[in-house]
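Heads up: the structure comes next, in structure tokens.
Since the structure is predicted, the reported quantities are computational estimates derived from the model, not experimental observations.
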Amino acid sequence: MTTLIINIKELIQVRETPISKVSGAEMAILPTIKNAYLVIKDNLIAGFGAMENIPEIKADSTIDATGKMILPSWCDSHTHIVYAGNREQEFVDRINGLSYEEIANRGGGILNSAKKLNETSEDEIYNQSKARLEEVIRLGTGAVEIKSGYGLTVDGELKMLKVIKKLAENYPVTIKATFLGAHAFPLEFKENKKGYIDEIIQKMLPEIAKNKLADYVDVFCETGYFSVEETEQIMEAGIQNGLTPKIHVNQFNSIGGIQASVKYKALSVDHLEIMNPEDIEALKNTETMPVALPSCSYFLSIPYTPAREMIKAGLPLALATDYNPGSTPSGNMNFVVATACIKMKMTPEEAINAATINGAYAMGISDSHGSITVGKKANFILTKPITSYNQLPYAFGTNLIESVFVEGTIFE
């Protein structure tokens with residue numbers, strides 16, 4: 001099946017030579033072709049170029065995109081989409097003056113979600129999660145990483161990872177699974193942290209590896225959660241079980257988590273709301289992708305990742321949603337891109353690069369996603385008629401997406 005799209009006002013993020021990521025000043029460069037065509041064969045990008053150079057193509061269907069633009073689907077490299085229920089009451093508690101930490105200390109936060117998840121059947125969790133997944137696909141996300149971390153028991157964590165696996169089997173988007181058993185300490189292990197870490201290392205990780213339920217291992221490295229030493233211990237055990245680290249760091253405090261993550265060759269370090277010069281220096285000339293989560297900062301009213309300082313230092317940066325019930329109950333990557341421009345002073349070019357090619361890198365799929373490149377998955381967004389791609393972050397409250405193509409087919 002060959003599909004030809006013609007008269008594209010602007011084809012965005014075209015990369016004739018494949019790249020894995022962009023860093024520093026390169027993030028401000030977004031290659032495009034105006035008045036373009038795009039050829040899809042089955043589920044892959046088969047060709048593209050300017051309309052004036054279009055060859056004769058035998059297409060099964062032709063789409064006229066006059067006035068509209070095409071860009072790669074968003075690659076959301078950090079989500080917690082699989083969960084049970086919601087935490088609306090905590091939202092109200094924060095409005096009434098309680099902090100995220102105070103809510104957690106009262107048994108709310110992650111432990112609240114863990115209680116709900118362990119009381120909910122696998123089928124019901126799947127049904128709730130698939131509705132969220134379908135929503136984010138329609139909002140332009142063509143690849144998504146999903147974490148466990150609301151089980152905090154052997155059975156609960158395995159239940160979450162099985163749901164993630166089932167979503168990956170039943171939906172055409174690429175889904176990467178991350179094991180985040182080290183999200184918080186369960187109440188029963190509050191005075192026995194070593195006991196819970198032993199559960200993770202001796203029981204959870206071997207079972208996950210045996211059943212091939214995860215690609216990555218994550219730890220919430222933060223004051224009051226997992227120390228740097230504990231994070232290193234879990235990263236090492238994860239690596240021994242075939243999982244690459246992707247670590248939560250520097251959300252509220254800078255405690256050395258970035259340096260530890262780099263030491264263990266983490267694919268990404270995520271959050272980064274609090275960054276000091278030593279943290280930025282530690283990321284230079286590494287293979288670790290920094291990931292910012294601006295809608296989390298928006299929702300919790302905490303600082304935003306210092307994108308300008310990091311890009312000026314020559315670092316790459318990716319953007320993701322952090323979709324979860326407590327601190328970011330939204331998987332809208334369009335809002336993330338807009339918020340990065342509005343609050344983090346990223347240019348539209350930098351934000352689109354961060355949400356496409358760099359997002360793909362942060363989940364290990366930049367060879368197949370994140371740019372308009374021959375041979376990559378035909379996962380892309382067809383916009384409504386727009387004046388320029390600057391309108392995507394500018395009109396932050398408007399849905400400018402006409403269609404989302406996943407593996408060459410419009411997702412209904």
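- Among Asp215, Asp76, Asp218, the one residue that satisfies the salt bridge (Lys or Arg N to Asp or Glu O under 4.0 Å) test with Lys147 is Asp218.
- Counted by atom type alone, Tyr225 and Glu230 present zero donor-acceptor pairs between their side chains at under 3.5 Å.
- The pair Glu281-Lys284 meets the salt-bridge criterion, since a charged nitrogen lies less than 4.0 angstrom from a carboxylate oxygen.
- Contact check on Glu122 versus Lys166 returns no salt bridge, with no Lys/Arg side-chain nitrogen under 4.0 Å from an Asp/Glu carboxylate oxygen.
- Counting only heavy atoms from C-beta outward, the side chains of Pro303 and Ile274 approach each other to under 4.5 Å.
- The number of heavy atoms from other shown groups lying within 6.0 Å of CD (Glu88) does not exceed 12.
- Between Asn170 and Lys130, every side-chain heavy-atom pair lies at or beyond the 4.5 Å cut-off.
- Under 3.5 Å, the side chains of Glu124 and Gln128 contain a donor-acceptor pair of N or O atoms.
- At most 12 heavy atoms of other shown residues, nucleotides or ligands fall within 6.0 angstrom of atom CG in Asn285.
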Report the C-alpha distance between Leu152 and Leu111 in whole Å, list the side-chain angles of each, state the deciding distance to 0.1 Å, and finish with yes or no for side chain to side chain contact (heavy atoms under 4.5 Å, CB included).
CA-CA 8 Å; Leu152 306 185; Leu111 296 183; 3.7 Å; yes
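- Of all heavy-atom pairs between Val154 and Met204, the closest is N-CE, 3.8 Å.
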Audit row: Leu213, Phe179, side chain to side chain contact (heavy atoms under 4.5 Å, CB included) steps and yes/no:
CA-CA 8 Å; Leu213 290 173; Phe179 167 58; over 6 Å; no
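- A 4.5 Å side-chain heavy-atom check between Cys221 and Ile255 finds at least one atom pair inside the cut-off.
- Look at Lys203 and Glu207 and you find no salt bridge, because none of the NZ, NE, NH1 or NH2 atoms lies under 4.0 Å from a carboxylate O.
- Residues Val22 and Pro316 fail the side-chain proximity criterion, which asks for heavy atoms closer than 4.5 Å.
- Of the candidates Glu145, His248, Lys246, Glu287, Ser268 forms a side-chain hydrogen bond (donor to acceptor under 3.5 Å, both in side chains) with just one, namely Lys246.
- Closest of all the heavy-atom pairs between Ile125 and Lys159 is CD1-CE, 3.8 Å.
- No donor-acceptor pair closer than 3.5 Å links the side chain of Thr398 to the backbone N or O of Leu400.
- When the shell of 6.0 Å around NZ of Lys116 is examined, it contains more than 12 heavy atoms from other residues, nucleotides or ligands.
- Note on ring orientation: taking the six-membered ring where Trp is involved, the planes of Tyr150 and His80 are tilted (angle from 30° to 60°).
- Counting heavy atoms of neighbouring residues, nucleotides and ligands inside a 6.0 Å radius, atom OH of Tyr394 does not exceed 12 of them.
- Gln391 and Thr387 form a side-chain donor-acceptor contact under 3.5 Å, judged by distance and modelled atom types alone.
- When side chains are defined from C-beta on, Glu236 does not count as touching Ile239, because their heavy atoms never get closer than 4.5 Å.
- Using a 3.5 Å distance cut-off with no hydrogens or angles, the side chains of Asp279 and Ser254 do pair a donor with an acceptor.
- For the residue pair Asp93 / Gln89, a side-chain donor-acceptor distance below 3.5 Å is found, with atom types taken as modelled.
- Annotation for Leu180 and Val219: closest pair CD1-N, 3.7 Å, computed over non-hydrogen atoms.
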Determine whether Arg132 and Glu135 satisfy the following criterion, salt bridge (Lys or Arg N to Asp or Glu O under 4.0 Å), listing intermediate values before the conclusion.
CA-CA 5 Å; Arg132 297 180 200 116; Glu135 178 192 25; over 6 Å; no
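- Ion pairing of Asp198 with Lys194 is present here, as a side-chain N (NZ or NE/NH1/NH2) and a carboxylate O approach within less than 4.0 Å.
- Of all heavy-atom pairs between Ala143 and Ile365, the closest is CB-CD1, 3.5 Å.
- Minimum interatomic distance between Ala114 and Gly151 (heavy atoms only, all atoms of both residues): CB-O, 4.2 Å.
- Heavy-atom contacts from other residues, nucleotides or ligands closer than 6.0 Å to NZ of Lys312 number 12 or fewer.
- Here the closest non-hydrogen pair linking Ala65 and Ile5 is CB-CG2, 3.8 Å.
- Crowding of Lys193 atom NZ: a count of heavy atoms from other residues, nucleotides or ligands under 6.0 Å exceeding 12.
- Taking the side chain as every heavy atom from C-beta outward, Lys162 and Tyr126 never approach each other to under 4.5 Å.
- Between the side chains of Tyr196 and Glu188, no donor-acceptor pair of N or O atoms lies under 3.5 Å.
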Do any side-chain atoms of residues 335-346 form donor-acceptor pairs under 3.5 angstrom with protein atoms, and if so which ones, sequence neighbours left out?
unit_1	atom_1	unit_2	atom_2	d
Thr339	OG1	Phe335	O	2.7
Lys345	NZ	Ile342	O	3.4

Between side-chain atoms of residues 403-412 and protein atoms elsewhere (two or more places apart, or another chain), which donor-acceptor pairs fall under 3.5 Å?
unit_1	atom_1	unit_2	atom_2	d
Glu407	OE1	Asn43	ND2	3.2
Glu407	OE2	Lys377	NZ	2.8

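- Put simply, the side chain of Phe185 reaches to within 4.5 Å of the side chain of Ile197, judged on heavy atoms.
- Side-chain contact of Ser371 with Lys376: a donor-acceptor pair under 3.5 Å is present, judged by distance alone.
- For the salt bridge (Lys or Arg N to Asp or Glu O under 4.0 Å) condition, the pairs that include at least one residue of residues 290-310, sequence neighbours left out, are Arg308-Glu350.
- Going from atom CD1 of Ile103 over to atom CZ of Arg87 covers 8.5 Å, rounded to the nearest 0.5 Å.
- Here the side chains of Ser327 and Asp322 are in contact, with some heavy-atom distance below 4.5 Å.
- For Lys68 and Glu402, the salt-bridge test passes: some basic side-chain N is under 4.0 Å from an acidic carboxylate O.
- Between Tyr304 and Tyr298, the distance separating the two ring centers is not shorter than 6.0 angstrom.
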